[in-house]
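Only one structure is covered here, and it is reproduced in the block below.
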Amino acid sequence: MKKWLLTGVASAAIFAAAGAGASDIKQGGSMIVTYKDDVSTLDPAIGYDWQNWSMIKSLFDGLMDYKPGTTELVPDLAESFEISDDGLVYTFTLRQGVKFHNGREMTAKDVKYSLDRVANPKTQSPGAGFFGSIKGFDEASSGSAEGLSGVEAVDDNTIRVTLARPDATFLHVMALNFASVVPEESVAEHGADFGTNPVGTGAYKMTDWTRGQHVIFERNADYYQAGLPKLDKITFEVGQEPIVALLRLERGEVDIAGDGIPPAKFLETMKDPKFKDQIVEGKQLHTGYVTMNVKMKPFDDVRVRKAVAMAINKDRIVRIINGRAVTANQPLPPLMPGYDSDYSGQPYDVAGAKTLMADAGMADGFTTELYVANTDPQPRIAQAIQQDLAGIGIKVELRSLAQSNVIAAGGEEDQAPMIWSGGMAWIADFPDPSNFYGPILGCGGAVQGGWNWSWYCNAELDERAKKADAMTDPSQADARIEEWKAIFTAIQEEAPWVPIFNEQRFTIRSDRLDGPDGIFVDPVHIPVHYDHVFDKGVQ
């Protein structure tokens, strides 16, 4: 058996060494983050957008996590784990003394309950498909069985997970928010409102949520990692237009502009020397795309879908966002293993698109709807797509809504014919090509509340994907990646959605937050320069 022991979780010392000297950094202080839209939910089994993902991560823990700022997996609520020689049985030894925010000590039964809850169809978890390799998943997810037969609480401190097939991504799945541990009694107490009354074991606990105004997190004094979190309080202010948020950050009233640098101010901000050390450019495993619902006419015709793909001018869209991206021709971003640099994708060819429309009996076009988040620049991008599609006879009516409403529409089988994913575009949950398949292109994501907004489901490709993820032997690594390349090429031939661009993320922070680039957005580890706190009026 393979034995893994926790040799040390990332601690405050890692971050204190960056930037200013350790003498400048103390425990305490607060931080203000702004967002335009309210938070949709803080239930880890349900929350699945870029806005609430890190918030949920601050409230809950799972068996596994990543060392901050890296892709290195480390045990979290697990103290250690063993893997059987056949790769099918994972035995986790839990930390003792970890407490939920309600004061009760966590046990293996809570882990069992939490994993069962995600698989339960009544939960409508968009992440349920991630757990498909666990023995008994099909029965649990169909509602024909109570819980996952492959998950067993051996004793209070030991949880055993048996897989139906080897899964190269399983430990990554155990680090997802969906695998967070929750107390059954709190879920029972609040029911569907658990997402607004979250209780976890995380570094912070939520103390107030006033809709349309703010969400407040306060330090969990019982958090199992000594010395963390660094901040005493985080306030997420909602209803803040991005341009207003930027002005407030410049005045020292805000610490992170959660929606990023507004496009209208991007070039000006990037050139302003006073922001030089406050802008963090992050590479992302990201793809922005347009979905077409294959269950809604006329998008059930692959010729129509390919015509849409050929009619969209991706270069023009990249110019709309000030060149902060490169055009995409496949679902995987260039940094992801499995990206096929030899694949050319659908060309920009308006004449060819018109020919395909005629072949599909749609020479006169049709009318449809494109859903889009209402935060700039998303509506402007949608307008560009609208203009492009008008060129081949497709009249597009824009539905510009709050991000959460767009997500909800995509999760309904017959509501959104097309969606521009910008603002919610796919950023990898973990650095493996399978993550760009299961949730957004696989059959497991084509469910109510899911993120496969094209509702595309190819059973043959699903089986190939499962076999690819069963290649757990290191000697099969190259063959596994080649198979994923072939799977994504096959998907593109059916064109369920149009990859538009791979975007870089630019975030701006106040100068009183410290930490290596890309890590400061993890609120658990943020140090504050105390000598700036009261100068700038941040309480």
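Fair warning: this is a prediction, and the values are worked out from it, not measured in the lab. Position 1 is the first residue of the sequence; numbering continues from there.
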When you look at Gln403 and Ile407, which way does the side chain to side chain contact (heavy atoms under 4.5 Å, CB included) test go after all the steps?
CA-CA 6 Å; Gln403 175 178 286; Ile407 293 170; 3.9 Å; yes
Could you go through Val498 and Ile500, starting from their C-alpha distance and side-chain angles, then the distance that decides it, and tell me whether this counts as side chain to side chain contact (heavy atoms under 4.5 Å, CB included)?
CA-CA 6 Å; Val498 187; Ile500 301 295; 3.9 Å; yes
Go through Leu115 and Met174 one step at a time and tell me if the side chain to side chain contact (heavy atoms under 4.5 Å, CB included) criterion holds.
CA-CA 10 Å; Leu115 298 182; Met174 290 297 100; 4.3 Å; yes
Quick one, Ser40 with Asn52, criterion side-chain hydrogen bond (donor to acceptor under 3.5 Å, both in side chains). Give me CA distance, side-chain angles, the key distance, then yes/no.
CA-CA 7 Å; Ser40 55; Asn52 63 22; 3.1 Å; yes
Could you please spell out the steps behind the side chain to side chain contact (heavy atoms under 4.5 Å, CB included) verdict for Leu163 and Tyr90?
CA-CA 8 Å; Leu163 305 184; Tyr90 290 70; 3.7 Å; yes
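For Tyr113, the ring pair (Phe, Tyr, Trp, His ring centres under 6.0 Å) criterion is met by no residue, not counting sequence neighbours. Glu105 is linked by a salt bridge (Lys or Arg N to Asp or Glu O under 4.0 Å) to nothing, counting only residues two or more places apart in sequence or in another chain. Under the salt bridge (Lys or Arg N to Asp or Glu O under 4.0 Å) criterion, Glu412 pairs with no residue, sequence neighbours left out. Applying the salt bridge (Lys or Arg N to Asp or Glu O under 4.0 Å) criterion to Asp429, with sequence neighbours excluded, gives no partner residue. Partners of Glu237 under the salt bridge (Lys or Arg N to Asp or Glu O under 4.0 Å) rule, at least two apart in sequence or in another chain, are Arg248.
Classification of the Phe436-Trp426 ring pair by plane angle, with boundaries at 30° and 60°, yields perpendicular. Taking the six-membered ring where tryptophan is involved, the planes of Phe92 and Phe170 are tilted, since the angle between them lies from 30° to 60°. Taking the six-membered ring where tryptophan is involved, the planes of Tyr437 and Trp484 are tilted, since the angle between them lies from 30° to 60°.
Distance alone, capped at 3.5 Å, places no donor-acceptor pair between the Ser133 side chain and the Arg165 backbone. Counting only distance, with no hydrogens or angles, the side chain of Ser114 and the backbone of Val182 share a donor-acceptor pair below 3.5 Å. Side-chain atoms of Thr123 never come within 3.5 Å of backbone atoms of Ala119 as a donor-acceptor pair (strictly under, hydrogens ignored). For the pair Asn120 (side chain) and Gly147 (backbone), a donor-acceptor distance under 3.5 Å is absent. For Asp65 (side chain) and Asp76 (main-chain N/O), no donor-acceptor pair under 3.5 Å exists by modelled atom type. Of the possible polar contacts, one joining the Gln330 side chain to the Asp340 backbone as a donor-acceptor pair under 3.5 Å is found. No donor-acceptor pair under 3.5 Å is formed between the side chain of Glu483 and the backbone N or O of Met471. The backbone N or O of Gly202 lies less than 3.5 Å from a partner atom in the side chain of His101, making a donor-acceptor pair.
For Leu332 against Pro337, the heavy-atom pair with the smallest separation is CD1-O, 3.9 Å. Across all non-hydrogen atoms, the minimal contact from Ala45 to Ser125 is O-OG, 2.6 Å. Closest non-hydrogen pair, Thr291 versus Trp497, comes out as CA-CB, 3.5 Å. Summarising the geometry of Lys99 relative to Asp222, their closest heavy-atom pair is CD-OD2, 4.4 Å, with the distance given to 0.1 Å. Scanning both residues, Tyr224 and Arg95, for their nearest heavy atoms gives CE1-NE, 3.2 Å. When all heavy atoms are compared, the tightest approach of Gly288 to Ala425 is CA-CB, 3.6 Å.
Put simply, the side chain of Leu231 does not reach to within 4.5 Å of the side chain of Phe217, judged on heavy atoms. Under the 4.5 Å side-chain criterion, counting only non-hydrogen atoms from C-beta, Phe81 is not in contact with Thr91. Contact check for Pro44 versus Ile56: side-chain heavy atoms found under the 4.5 Å cut-off. Side-chain contact between Ile134 and Val151 is present, with at least one heavy-atom pair separated by less than 4.5 Å.
In this structure, CG on Leu42 lies 8.5 Å from CZ on Phe236, to the nearest 0.5 angstrom. Between the CG atom of Asp49 and the OG atom of Ser404 there is a distance of 8.0 Å, given to the nearest 0.5 Å. Within the model, atoms OH of Tyr204 and CD of Glu218 stand 10.5 Å from one another, a figure rounded to the nearest 0.5 Å. Between His286 atom NE2 and Asn502 atom CG the span is 7.5 Å, to the nearest 0.5 Å. To the nearest 0.5 angstrom, Asp414 atom CG is 8.5 Å from Trp455 atom CH2. How far CG of Leu148 is from CD of Glu139: 9.5 Å, rounded to the nearest 0.5 Å.
Between Tyr48 and Trp53, the distance from one ring center to the other falls under 6.0 angstrom.
Within 6.0 Å of CG in Asp86 there are more than 12 heavy atoms belonging to other residues, nucleotides or ligands. Counting heavy atoms of neighbouring residues, nucleotides and ligands inside a 6.0 Å radius, atom NZ of Lys135 does not exceed 12 of them.
Evaluation of the side-chain hydrogen bond (donor to acceptor under 3.5 Å, both in side chains) test over residues 142-157, restricted to residues two or more places apart or in two chains, returns Ser142-Ser144, Glu152-Arg160, Asp155-Thr158. Listed by first and then second residue, the salt bridge (Lys or Arg N to Asp or Glu O under 4.0 Å) pairs that reach into residues 186-213 are Asp38-Arg211, sequence neighbours excluded. Under the ring-ring contact (aromatic ring centres under 6.0 Å, His included) criterion, the residue pairs touching residues 118-157 are Phe130-Phe178, with sequence neighbours excluded. Within the structure, the disulfide bond (SG atoms under 2.5 Å apart) test picks out no pair touching residues 106-153 (sequence neighbours left out). Listed by first then second residue, pairs satisfying salt bridge (Lys or Arg N to Asp or Glu O under 4.0 Å) with a partner in residues 168-185 read Arg104-Glu185, not counting sequence neighbours. Sorted by first and then second residue, the salt bridge (Lys or Arg N to Asp or Glu O under 4.0 Å) pairs with a member in residues 433-453 form an empty list; sequence neighbours excluded. Applying the salt bridge (Lys or Arg N to Asp or Glu O under 4.0 Å) definition to pairs two or more places apart or across chains, those involving residues 431-447 are Asp432-Arg480.
In this structure, Arg117 pairs ionically with Asp43, as a charged nitrogen and a carboxylate oxygen lie closer than 4.0 Å.
If you check the side chains of Glu494 and Tyr456, you find a donor sitting under 3.5 Å from an acceptor.
When Asp469, Ile487, Asn458 are each tested for a side chain to side chain contact (heavy atoms under 4.5 Å, CB included) with Arg464, only one passes: Ile487.
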